[in-house]
Number of protein chains: 2
Amino acid sequence: MSNKFRNQEANAHGHGYLPGLAIDAVIFGFHDNQLKVLLLTYKNTGLFALPGGFVHDTEDVNEAARRVLFDRTGLTNIFLDQFYVFGDKSRHDTAPLKAIMAVRGVTPPDDHWLLKRFVSVGYYALVDFTKAIPTPDSISDSCDWFGLDNLPELMQDHNLIIKKALETLQANLDQKLIGFNLLTDDFTMGDLQSLYETILNKKLIRAAFQRKILGLGILERTAKKWTGGAHKAPYLYRFISEK
Amino acid sequence: MSNKFRNQEANAHGHGYLPGLAIDAVIFGFHDNQLKVLLLTYKNTGLFALPGGFVHDTEDVNEAARRVLFDRTGLTNIFLDQFYVFGDKSRHDTAPLKAIMAVRGVTPPDDHWLLKRFVSVGYYALVDFTKAIPTPDSISDSCDWFGLDNLPELMQDHNLIIKKALETLQANLDQKLIGFNLLTDDFTMGDLQSLYETILNKKLIRAAFQRKILGLGILERTAKKWTGGAHKAPYLYRFISEK
DNA sequence: ATCTTATTGTATCATTTTGTTACAATAGTA
DNA sequence: TACTATTGTAACAAAATGATACAATAAGAT
């Protein structure tokens with residue numbers, strides 16, 4: 001849990017939500033040749049957390065994840081996938097939540113539903129950095145992008161969740177051809193290669209990379225991009241989903 | 001939910017369990033050149049279900065899955081992994097559970113905890129068919145192996161769960177080198193190839209398969225196996241986990 | 001205009017991996 | 001002792017990947 005108690009006034013006892021179940025979303029973006037994730041910050045507590053939420057008893061768990069993603073970015077039709085369930089009992093840590101509530105002048109009873117043990121379903125999303133509009137929820141002060149190698153200490157096991165999300169992304173990058181979701185609609189081959197190199201954290205061979213990607217037959221060439229650089233202008237490519 | 005209400009007398013209201021959360025385990029075995037899964041059967045109802053259970057509030061979710069696996073097979077130290085969370089609200093179907101209870105002379109109230117909506121964490125396990133001892137739980141009549149292409153209609157979405165588990169197994173087979181877990185300690189190259197062919201559902205080229213597997217350097221040759229066949233005796237191999 | 005420079009797109013060849021065929025070794029049976 | 005089916009592996013072909021090279025070209029410098 002973290003920012004997930006929107007409507008807590010309307011659900012003082014957690015009614016209307018599936019009990020003990022939370023969603024945590026690792027929302028990846030790519031900017032300045034860096035992978036970034038969306039984090040919420042809580043004023044006066046120095047706490048940072050992943051966007052998350054609870055599951056209404058009228059919605060699917062996957063729907064709840066899409067709702068969280070939409071609420072924090074304004075985006076729909078985004079690549080979003082489960083990657084792990086975090087269910088260790090050692091996750092149960094009421095301190096950060098109490099701190100957040102204390103700053104807001106609330107002292108919850110020890111049996112408050114938000115202080116119970118939660119199992120969290122981890123999701124990761126790949127969004128176009130330029131299209132997302134980071135939006136804090138009702139109890140956080142801001143929602144911002146943080147570089148992956150520049151992360152603050154996060155509450156609970158959220159650093160671990162991000163680590164596992166990244167590992168999943170790395171493992172799935174070639175298999176599922178999902179990288180494009182992190183770029184704008186049109187991109188150069190150089191953009192794509194930088195993205196892959198950043199995610200996989202290793203250099204790729206330019207000629208081989210280009211040959212491989214084009215050989216997949218999933219890109220169409222749209223135009224040339226004049227970068228202003230003193231060199232040949234690269235082509236722009238676009239992902240074509242179906243044939 | 002399905003067979004997961006052991007100790008229901010001791011937990012008439014589901015106390016001691018994480019609410020609304022279940023485990024479903026797809027336990028794979030390999031025998032007679034066929035992939036098999038363990039299923040529970042419920043007498044006089046014609047119902048079949050995956051082994052499953054609930055999570056004690058004193059244990060990790062992964063621990064609960066290991067416990068389920070141990071209770072149904074007697075095995076520990078088994079390959080076991082999460083693969084998906086089944087959390088659609090459409091899963092909520094009280095009919096089969098009521099039928100099972102009815103046969104046992106119980107008519108639960110509509111607000112019985114077992115009749116509430118459950119979110120289920122899907123696990124898949126790979127076990128040595130010869131070592132597992134299928135064991136029914138307290139409310140099922142038997143626990144048996146069923147061939148994957150010979151499955152009965154299962155309760156709720158359990159057929160879907162198996163389908164998804166198989167897809168995960170197929171996708172991970174080469175990546176994680178987990179196939180050996182389905183064989184006995186010593187096996188021939190032919191055994192291993194049959195296993196791969198069965199899981200992937202396609203023919204593999206014998207010479208290339210053998211070269212590839214041996215090239216991984218993860219097998220040691222132990223002895224020869226006299227099969228009684230009128231031909232050269234194959235070697236036995238064994239998986240070596242660490243170097 | 002022409003020269004210079006950096007980057008792109010692609011061709012070419014080398015290397016590695018995988019697909020295919022072939023064949024010697026051999027444990028039974030006839 | 002010959003025959004047969006299967007195993008282990010070599011040998012070669014084809015495909016994929018790694019590495020290098022080079023023509024094309026957009027802009028700034030001359």
Side-chain angles (χ1 to χ4, degrees), chain A residues 32-33 170-177 179-180 183-240, chain B residues 32-33 170-177 179-180 183-240:
Chain A
D32 287 340
N33 273 349
Q170 289 170 337
N172 289 355
L173 187 61
D174 286 317
Q175 314 252 310
K176 298 188 179 175
L177 300 174
F180 313 102
L183 298 176
T184 50
D185 292 342
D186 296 284
F187 49 87
T188 69
M189 198 54 68
D191 293 337
L192 189 61
Q193 186 177 341
S194 298
L195 173 64
Y196 269 67
E197 289 180 341
T198 302
I199 293 176
L200 301 175
N201 197 29
K202 69 171 180 188
K203 279 272 163 211
L204 300 174
I205 299 150
R206 191 175 63 90
F209 180 80
Q210 184 143 346
R211 179 178 54 197
K212 174 110 180 183
I213 296 286
L214 290 179
L216 295 172
I218 53 172
L219 294 188
E220 63 175 352
R221 192 183 268 187
T222 57
K224 284 203 174 189
K225 182 187 181 186
W226 280 268
T227 59
H231 52 76
K232 184 174 176 180
Y235 287 105
L236 287 173
Y237 297 90
R238 179 176 303 181
F239 179 67
I240 41 176
Chain B
D32 288 339
N33 273 350
Q170 289 170 336
N172 290 353
L173 187 61
D174 287 316
Q175 314 252 309
K176 298 188 178 175
L177 299 174
F180 314 102
L183 298 175
T184 50
D185 291 342
D186 296 285
F187 49 86
T188 68
M189 198 53 67
D191 294 336
L192 189 61
Q193 187 178 341
S194 298
L195 173 64
Y196 269 66
E197 290 180 340
T198 303
I199 293 176
L200 300 176
N201 197 30
K202 69 172 180 187
K203 279 273 165 211
L204 300 175
I205 299 149
R206 191 175 62 88
F209 180 79
Q210 184 142 347
R211 179 179 53 197
K212 174 111 182 183
I213 296 286
L214 290 179
L216 294 172
I218 53 171
L219 294 188
E220 64 175 351
R221 191 183 271 187
T222 57
K224 283 201 175 189
K225 181 187 183 185
W226 279 267
T227 59
H231 52 75
K232 184 175 177 180
Y235 287 104
L236 287 174
Y237 297 91
R238 179 176 303 181
F239 179 66
I240 41 175

>> If I compare all heavy atoms of A:Leu183 with all of A:Phe187, which pair ends up nearest, and what's the gap?
In response: CD1-CG, 3.6 Å

> Of all heavy-atom pairs between B:Phe180 and B:Leu219, which one has the smallest distance, and what is that distance?
Replying inline: CE2-CD2, 3.7 Å

Ignoring hydrogens and angles, write down the donor-acceptor pairs under 3.5 Å from the side chains of residues 189-201 of chain B, residues two or more places apart or on other chains.
{"unit_1": "B:Asp191", "atom_1": "OD1", "unit_2": "B:Thr188", "atom_2": "OG1", "d": "3.4"}
{"unit_1": "B:Asp191", "atom_1": "OD2", "unit_2": "B:Thr188", "atom_2": "N", "d": "3.0"}
{"unit_1": "B:Asp191", "atom_1": "OD2", "unit_2": "B:Thr188", "atom_2": "OG1", "d": "3.2"}
{"unit_1": "B:Gln193", "atom_1": "NE2", "unit_2": "B:Glu197", "atom_2": "OE2", "d": "3.0"}
{"unit_1": "B:Gln193", "atom_1": "NE2", "unit_2": "B:Leu204", "atom_2": "O", "d": "3.1"}
{"unit_1": "B:Ser194", "atom_1": "OG", "unit_2": "B:Gly190", "atom_2": "O", "d": "3.0"}
{"unit_1": "B:Glu197", "atom_1": "OE2", "unit_2": "B:Leu204", "atom_2": "N", "d": "3.0"}
{"unit_1": "B:Thr198", "atom_1": "OG1", "unit_2": "B:Ser194", "atom_2": "O", "d": "2.7"}

> Just how far, in rounded Å, is C1' of D:dT7 from CG of B:Leu192?
Replying inline: 15 Å

> Between B:Tyr237 and A:Lys212, who's closer to the 5' end of DNA chain D by nearest nucleotide?
Replying inline: B:Tyr237

>> If I take atom CD1 in residue B:Ile213 and atom P in nucleotide D:dT7, what distance separates them, rounded to the nearest angstrom?
In response: 15 Å

> What integer distance in Å separates B:Lys225:NZ from D:dG8:P?
Replying inline: 12 Å

> Taking only residues at least two apart or on different chains, which pairs with a member in residues 210-220 of chain B satisfy salt bridge (charged side-chain N to carboxylate O under 4.0 Å, His left out)?
Replying inline: none

> Starting at CZ of A:Phe209 and ending at C1' of C:dT8, how long is that distance when rounded to a whole Å?
Replying inline: 14 Å

> Whole-Å distance between C:dT17 P and B:Gln210 CD?
Replying inline: 18 Å

> Starting at OH of A:Tyr235 and ending at P of C:dT7, how long is that distance when rounded to a whole Å?
Replying inline: 19 Å

> Of all of residues 184-191 of chain B, which get a heavy atom below 4.0 angstrom from DNA chain D, listed by number?
Replying inline: B:Met189

Report, one pair per line, the protein and nucleotides 19-21 of chain C atoms (nitrogen or oxygen only) whose separation is under 3.5 Å.
{"unit_1": "C:dG19", "atom_1": "N7", "unit_2": "B:Arg211", "atom_2": "NH2", "d": "2.8"}
{"unit_1": "C:dG19", "atom_1": "O6", "unit_2": "B:Arg211", "atom_2": "NH1", "d": "2.9"}

> For A:Arg238, what residues pass the side chain to side chain donor-acceptor pair (under 3.5 Å) criterion, not counting sequence neighbours?
Replying inline: A:Asp186

>> Return the CD1 to CZ distance between B:Ile213 and B:Phe239, rounded to the nearest 0.5 Å.
In response: 10.5 Å

>> Distance to the ring centre below 6.0 angstrom and angle to the axis at most 45 degrees; does that hold for A:Arg221 and A:Tyr237?
In response: no

I'd like a table of atom pairs between the protein and nucleotides 25-28 of chain D - only N or O on both sides, under 3.5 Å - with the distance next to each one.
{"unit_1": "D:dT25", "atom_1": "O2", "unit_2": "A:Lys232", "atom_2": "N", "d": "2.9"}
{"unit_1": "D:dA26", "atom_1": "O4'", "unit_2": "A:His231", "atom_2": "O", "d": "2.5"}
{"unit_1": "D:dA26", "atom_1": "N3", "unit_2": "A:Ala230", "atom_2": "O", "d": "3.2"}
{"unit_1": "D:dA26", "atom_1": "N3", "unit_2": "A:His231", "atom_2": "N", "d": "2.8"}

> Whole-Å distance between D:dT17 P and A:Lys202 NZ?
Replying inline: 12 Å

> In whole angstroms, how far is the C1' atom of C:dG9 from the CD atom of A:Gln193?
Replying inline: 13 Å

